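Below: one structure, written as structure tokens.
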Amino acid sequence: MYNKINVIIAILMLCLVASCGHKKTNVKRQSEFIRPASMNYTHEDTARIMQLVDDYIAGFAQKDYDRTADMLYKVKNDSVFPLSDKEKAGYKKAMSMMPNYGCKLKSFILNSDKNNDVAFYVQMVPNGNLEQGIGVTSLSLNPVVKDGKWYLTIRDKHAEGVEDVYKQE
């Protein structure tokens with residue numbers, strides 16, 4: 001059974017191929033960046049991920065970095081661990097030094113059990129605009145699943161299981 005994400009990706013791929021005509025190099029290049037998910041996601045998976053992300057963004061918008069640090073995990077040797085006290089302290093220090101005038105979900109891309117990208121905007125200047133992407137920076141989370149449970153990690157191309165889609169081979 002196809003899930004919604006696979007169907008959307010398939011439609012995008014068909015549109016891409018149809019719109020490119022005979023420009024085969026462009027099709028190959030684009031297909032490197034638009035890949036079908038390597039696992040099937042249920043409605044419960046998507047709902048759980050969205051709940052985690054919504055809670056994280058709400059805490060981040062309120063500058064509750066203690067709360068958001070407690071929501072973060074790391075993957076090591078195919079196991080999921082909460083951040084250490086030292087890692088939490090570093091995270092809280094870094095985030096509290098960053099101007100934060102609001103947050104908004106930017107994009108939601110699910111690829112596999114450990115390689116996902118949920119990006120959100122953080123408004124960095126008082127007169128910025130989250131809707132238009134003015135005066136903002138983008139931060140990314142990587143929801144991962146282990147034994148049927150979803151966890152939030154910081155998106156890091158060097159993290160275990162994360163594939164760098166921009167890497168040239």
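All residue numbers in this chain count up from 1 along the given sequence. Predicted model, so just to flag it, every value in this text is computed and none were measured.
Neither Y121 nor L52 shares a network with the other; the hydrophobic side chains, linked directly or stepwise wherever heavy atoms of I, L, V, M, F, W or Y lie under 4.5 Å apart, form separate groups for each.
In this structure, the separation between CD on Q62 and OG1 on T68 is 10.5 Å, given to the nearest 0.5 Å. Of the inter-residue distances, the one linking C103 atom SG with L139 atom CG reads 8.0 Å to the nearest 0.5 angstrom. Within the model, atoms CH2 of W150 and CG of D45 stand 5.5 Å from one another, a figure rounded to the nearest 0.5 Å. Distance check: L105 CG to D54 CG gives 7.5 Å after rounding to the nearest 0.5 Å. Within the model, atoms OG of S84 and NZ of K74 stand 5.0 Å from one another, a figure rounded to the nearest 0.5 Å. Annotation: the span from R155 atom CZ to I109 atom CD1 amounts to 8.5 Å, rounded to 0.5 Å.
Partners of D66 by salt bridge (charged side-chain N to carboxylate O under 4.0 Å, His left out), not counting sequence neighbours, listed by chain and number: K92. Every residue meeting the ring-ring contact (aromatic ring centres under 6.0 Å, His included) condition with F120, not counting sequence neighbours, appears here in chain and number order: Y56, F60. K88 is linked by a salt bridge (charged side-chain N to carboxylate O under 4.0 Å, His left out) to D70, counting only residues two or more places apart in sequence or in another chain. Residues satisfying the side-chain contact (heavy atoms from CB on, under 4.5 Å) criterion with A47, sequence neighbours excluded, are H43. Checked against side-chain hydrogen bond (donor to acceptor under 3.5 Å, both in side chains), D55 has the following partners two or more places apart in sequence or in another chain: Q51. Legend: residues meeting side-chain hydrogen bond (donor to acceptor under 3.5 Å, both in side chains) with S96, ordered by chain and number and at least two apart, are absent. For S107, the side-chain contact (heavy atoms from CB on, under 4.5 Å) test picks out A119, with sequence neighbours left out.
For residues 71-92, the ring pair (Phe, Tyr, Trp, His ring centres under 6.0 Å) pairs, not counting sequence neighbours, are Y73-Y151. Screening residues 119-128 for salt bridge (charged side-chain N to carboxylate O under 4.0 Å, His left out) gives no qualifying pairs among residues at least two apart or on separate chains. Residue pairs that meet the salt bridge (charged side-chain N to carboxylate O under 4.0 Å, His left out) test with at least one member in residues 135-151, sequence neighbours left out, are D78-K146.
Two residues are said to be in side-chain contact when any heavy atoms from C-beta on lie closer than 4.5 Å; V122 and M98 meet this criterion.
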*Given V118 and N142, is the side-chain contact (heavy atoms from CB on, under 4.5 Å) satisfied, shown in steps?*
CA-CA 6 Å; V118 177; N142 179 23; over 6 Å; no
*Apply the test side-chain contact (heavy atoms from CB on, under 4.5 Å) to residues T153 and L72: give CA-CA distance (whole Å), side-chain angles for both, the deciding distance (0.1 Å), then the verdict.*
CA-CA 5 Å; T153 67; L72 294 175; 6.0 Å; no
*side-chain contact (heavy atoms from CB on, under 4.5 Å) between V75 and K114, intermediate numbers included*: CA-CA 8 Å; V75 177; K114 293 191 285 188; 3.8 Å; yes
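Remark: the N115 side chain and the S112 side chain contain no N/O donor-acceptor pair separated by less than 3.5 Å.
The two atoms that bring N116 and P143 nearest to each other are ND2-O, 2.7 Å, heavy atoms only.
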Could you pull out every donor-acceptor pair under 3.5 Å between side chains of residues 124-136 and any protein atom, sequence neighbours left out?
{"unit_1": "N129", "atom_1": "OD1", "unit_2": "E131", "atom_2": "N", "d": "2.8"}
{"unit_1": "N129", "atom_1": "OD1", "unit_2": "Q132", "atom_2": "N", "d": "2.9"}
{"unit_1": "E131", "atom_1": "OE1", "unit_2": "K104", "atom_2": "NZ", "d": "3.1"}

